[in-house]
Protein chains: 4
Amino acid sequence: MQAAATIRTEPVRGGGRPRSESTRRAILSATLDLLREESIQSITIEAIAKRAGVSKATIYRWWQSKASVVIDAFMENHIVHTPMRHDIHPAESLLQHWRLLAEQYSGWAGQIVSQILAEGQSDKSIQREFRERFYYGRRAVVREVIDNLRARLPKLQEIDSEVLMDILYSPVYMRLMWGYGPIDAKFIRDFPLNIFLLFGLEFDSDGHVVEG
Amino acid sequence: MQAAATIRTEPVRGGGRPRSESTRRAILSATLDLLREESIQSITIEAIAKRAGVSKATIYRWWQSKASVVIDAFMENHIVHTPMRHDIHPAESLLQHWRLLAEQYSGWAGQIVSQILAEGQSDKSIQREFRERFYYGRRAVVREVIDNLRARLPKLQEIDSEVLMDILYSPVYMRLMWGYGPIDAKFIRDFPLNIFLLFGLEFDSDGHVVEG
Amino acid sequence: MQAAATIRTEPVRGGGRPRSESTRRAILSATLDLLREESIQSITIEAIAKRAGVSKATIYRWWQSKASVVIDAFMENHIVHTPMRHDIHPAESLLQHWRLLAEQYSGWAGQIVSQILAEGQSDKSIQREFRERFYYGRRAVVREVIDNLRARLPKLQEIDSEVLMDILYSPVYMRLMWGYGPIDAKFIRDFPLNIFLLFGLEFDSDGHVVEG
Amino acid sequence: MQAAATIRTEPVRGGGRPRSESTRRAILSATLDLLREESIQSITIEAIAKRAGVSKATIYRWWQSKASVVIDAFMENHIVHTPMRHDIHPAESLLQHWRLLAEQYSGWAGQIVSQILAEGQSDKSIQREFRERFYYGRRAVVREVIDNLRARLPKLQEIDSEVLMDILYSPVYMRLMWGYGPIDAKFIRDFPLNIFLLFGLEFDSDGHVVEG
DNA sequence: CGATAAACGAGACGGTACGTCTGGTCTTGTG
DNA sequence: CACAAGACCAGACGTACCGTCTCGTTTATCG
């Protein structure tokens, strides 16, 4: 998870004052500060610059848009941190991962993610950047575990991995974007159990799979 | 499906020049015109007023925001039109409805919907308005059919109707918002079949349910 | 001496909120205020807007440049006011007029005039505007009196009126621009007497011509 | 005519890399290049640095302002070159000198001079520098010849030398600054003859004085 | 010959102001 | 009263230069 949605990724050594690392961090952290208070839309580059004690030009030198700054800030600070275990039954892995994700999305992180997605609608380069830097990585991790699960469950073998991922994860984003149905304790508890039931899997009270 | 996300819903009868219907229509159709060319974000109230040959103040008098105008335009013109049949097997109904929806979302209508959702992220009143005027209606229609289907399929009875709806429809919105995976012919053909397979249903080449 | 270095000179009657006269005056007087403290160069449109309690856009709507605003402010407030008498001997008229001008140019008014001229060097439209609205008028008044004087003095008849005007008035501007030689009491007293001596005219202690 | 409106006039001998003469020349000639295309106002230090292939800091190390660089470039390259003859009648000397000056001021040199004067209005140190390095020298040369002329003409003896200089030279600057009346062939031919006529001097067709 | 020290290029940086734009409000006159 | 027209305030936009700074790299002089 490397950072920098910058114009020049490489420091381009050779003459010139080197880029100030502290300035870069000040910008990203000022951005997160502001995001705690208001939406991406209502944040201005000017406000970021002011809070970071930095010139607007410096921000424009390294990022092409407000949303790019947000994505960088988002990525560097592990705003969403959902590790995937590989030492347990894949269904349990998925369950834990899903619940962790949903929990995080129920708060501030969800607000940021949904707002980045919103920005992406009118600026496709933002959409692409976020997809490539955030989405693809986590999709790859999930796909691996889903494949393991499919190998164990004959009835899932006819169904596409992508479809299975979509079934599990899309509803979280759906709720995020529509604001319909809260991502609350009940949803976090019940929704994945319903899905796994459809797959023919049940969990006991300890959260362990009860293969039927 | 009555329109008017207006400030004053009622014409405030009693004296004075009545609201001009032609002006209202001019505004909505100018809005759709502009939406054909650019995103909601990049459209301005001023541009709508200019194209409609109308004063900015008139727009502000009746709508509170750009997005409200868009929602009105969207609703009045049946931008998304997906009737639900009740005279056939509920699974067939759902399949047809889903495919119609996906098809429409693959084009201009999808762009508008995703952009309204985007606007909704930074303006929760927009989100609520769109949800109440667009989303709830269609969810109710779908829920009814889903309930019919659950009545016929024992294995679905343990699963929440909301979950089933989410499984079917969320992935469409997911693709819309992330721009990941096109809503293309292949997706429209295969995705619902995968889902119904999970429900234990198959379709023959005529699109009729083959209850297993 | 009518004012308005505006883009549209005419109010463009027919619909629309009329231009606010108080706003216009606030801008011009804020400009004069600032000119009392600093040079045209160092004044900013932003500062004028702020001091006038007015939006920048309003200034840009009516004036094309900072210097245009200054010229308007300068003209409307009769910053330089040097009436020319016609009821006395033309030489006395000229003497009084010249001394009044020099006196005014020795102070704040001179600073403004020299700075407008300076602005005019890099923006020829400013130069032309100032020339046409300020310079031509006063030159016409002076020329008339100079012509009267020439009619009385045979030795001046061979010399161009423009040349005579130049001889009298250029040195004032010369001192203004070069900052060489102050426009002080001594200069104001002696210089015109020297010139008139060259014309063959002397003045007695009451300031009356002593035709030799 | 040694140059250097520099901060440190002395090379500060003792250790360190000596100042690069080629860099200095590159800066001055880049400046003149740019002056051929645009006004001092619109030229930027950045543009000079770029064109000269030099760092901005190097310019700031040796000059305190853009105008200082221009003055240096102006002086070193003898942009205005008007030698004064001492072997002929002082009136002829003056006539020739004046015409040479006016001729040069009618072109590019006049543009530069007027623009330096303009810069001097908002930066008095520029005004002083230009006056001391350019103006005083030539005024001294002219004064000497004027004094010679006064010695020969009884009627000029009562009139100040400074006044006589002003009469002759101010109108040129007047036209430069106001842009009123071109410095053209007619002006160059007639104006000085008018002045000398006032002094009681005429010239024959060979340009020789005809003392009346 | 090596140490020292200023000159120099490159270019990042905090600033300031630019002139433009949009949002939302207000103020006219007309129908 | 609705409405068109459009002036107006507010304030962010992204850009351009400013003058300063921090680098690494010359290029001289002096010990």
Side-chain angles (χ1 to χ4, degrees), chain A residues 11-20 22-24 42-47 49-50 52-62 64-66, chain B residues 11-12 14-20 22-23 41-47 49-50 52-62 64-66, chain C residues 11-20 22-24 42-47 49-50 52-62 64-66, chain D residues 8 11-20 22-24 42-47 49-50 52-62 64-66:
Chain A
V12 194
R13 270 294 50 177
R17 179 173 173 176
R19 179 173 183 185
S20 158
S22 68
T23 291
R24 200 181 124 275
S42 61
I43 284 177
T44 63
I45 294 264
E46 235 154 40
K50 194 168 188 180
V54 140
S55 150
K56 267 200 295 176
T58 301
I59 299 181
Y60 283 113
R61 186 162 16 241
W62 300 105
Q64 22 164 330
S65 75
K66 194 166 55 182
Chain B
V12 194
R17 178 173 170 180
R19 178 174 183 185
S20 158
S22 68
T23 292
Q41 274 255 348
S42 62
I43 286 177
T44 65
I45 294 264
E46 223 147 49
K50 191 169 189 182
V54 141
S55 143
K56 266 198 298 175
T58 303
I59 299 180
Y60 282 114
R61 198 179 344 263
W62 299 106
Q64 24 162 336
S65 73
K66 194 166 55 182
Chain C
V12 193
R13 269 301 49 181
R17 178 176 176 176
R19 179 174 183 184
S20 158
S22 67
T23 291
R24 200 182 123 275
S42 61
I43 285 176
T44 64
I45 294 263
E46 234 153 39
K50 194 169 189 181
V54 142
S55 149
K56 268 198 297 176
T58 302
I59 299 181
Y60 283 113
R61 202 188 332 268
W62 299 107
Q64 20 162 335
S65 73
K66 194 167 56 182
Chain D
R8 305 184 207 151
V12 194
R13 273 305 47 190
R17 178 176 173 178
R19 179 174 182 185
S20 158
S22 68
T23 291
R24 200 181 124 275
S42 61
I43 286 177
T44 64
I45 293 265
E46 226 149 49
K50 192 168 189 183
V54 142
S55 151
K56 269 199 294 177
T58 302
I59 298 181
Y60 282 113
R61 190 167 5 244
W62 301 106
Q64 24 164 333
S65 75
K66 193 167 57 181

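Not measured: the values here are computed from a predicted model.
Rounded to a whole Å, the NZ atom of A/Lys66 is 8 Å from the P atom of F/dG14. Taking atom OH on A/Tyr60 and atom P on E/dC13, their separation rounds to 16 Å, with Å as the unit. Remark: C1' of F/dA5 and CD1 of B/Ile59 are 13 Å apart, rounded to the nearest angstrom. Atom CZ in C/Arg61 sits about 12 Å away from atom C1' in E/dT22, given to the nearest Å. If you take CD of A/Gln64 and P of F/dT15, they are 11 Å apart, rounded to a whole angstrom.
Separating the CD1 atom in A/Ile59 from the OG1 atom in A/Thr23 is a distance of 10.0 Å, to the nearest 0.5 Å. Taken from NZ in D/Lys50 to OG in D/Ser55, the straight-line distance is 14.0 Å, to the nearest 0.5 Å.
D/Ser20 has no side-chain polar atom (N or O) that falls below the 4.0 Å cut-off from OP1 or OP2 of F/dA28. Close to F/dC8, at under 4.0 Å from its OP1 or OP2, lies a side-chain N or O of C/Trp62.
Between A/Thr23 and B/Ser65, it is A/Thr23 whose nearest contact on DNA chain E lies nearer the 5' terminus. Of the residues near DNA chain E, C/Glu46 and A/Thr58, the one whose nearest nucleotide (by heavy atom distance) lies more toward the 5' end is A/Thr58.
Here the nucleotide nearest the side chain of C/Arg17, chosen from F/dC3, F/dG6, F/dG14, is F/dG6. When the nucleotides E/dG19, F/dA4, F/dT15 are ranked by their closest atom to the side chain of B/Ser55, F/dA4 comes out on top. When distances are taken from the side chain of C/Ile45 to each of E/dG19, F/dA4, F/dA12, the shortest belongs to E/dG19.
Without hydrogens or angle criteria, C/Lys66 side chain to C/Ile43 main chain gives a donor-acceptor distance under 3.5 Å.
Nucleic acid contact for B/Ala57: base, since at least one base atom lies under 4.0 Å from a heavy atom of the residue. As judged by a 4.0 angstrom heavy-atom cut-off over every strand, A/Lys56 is placed among the base-contacting residues.
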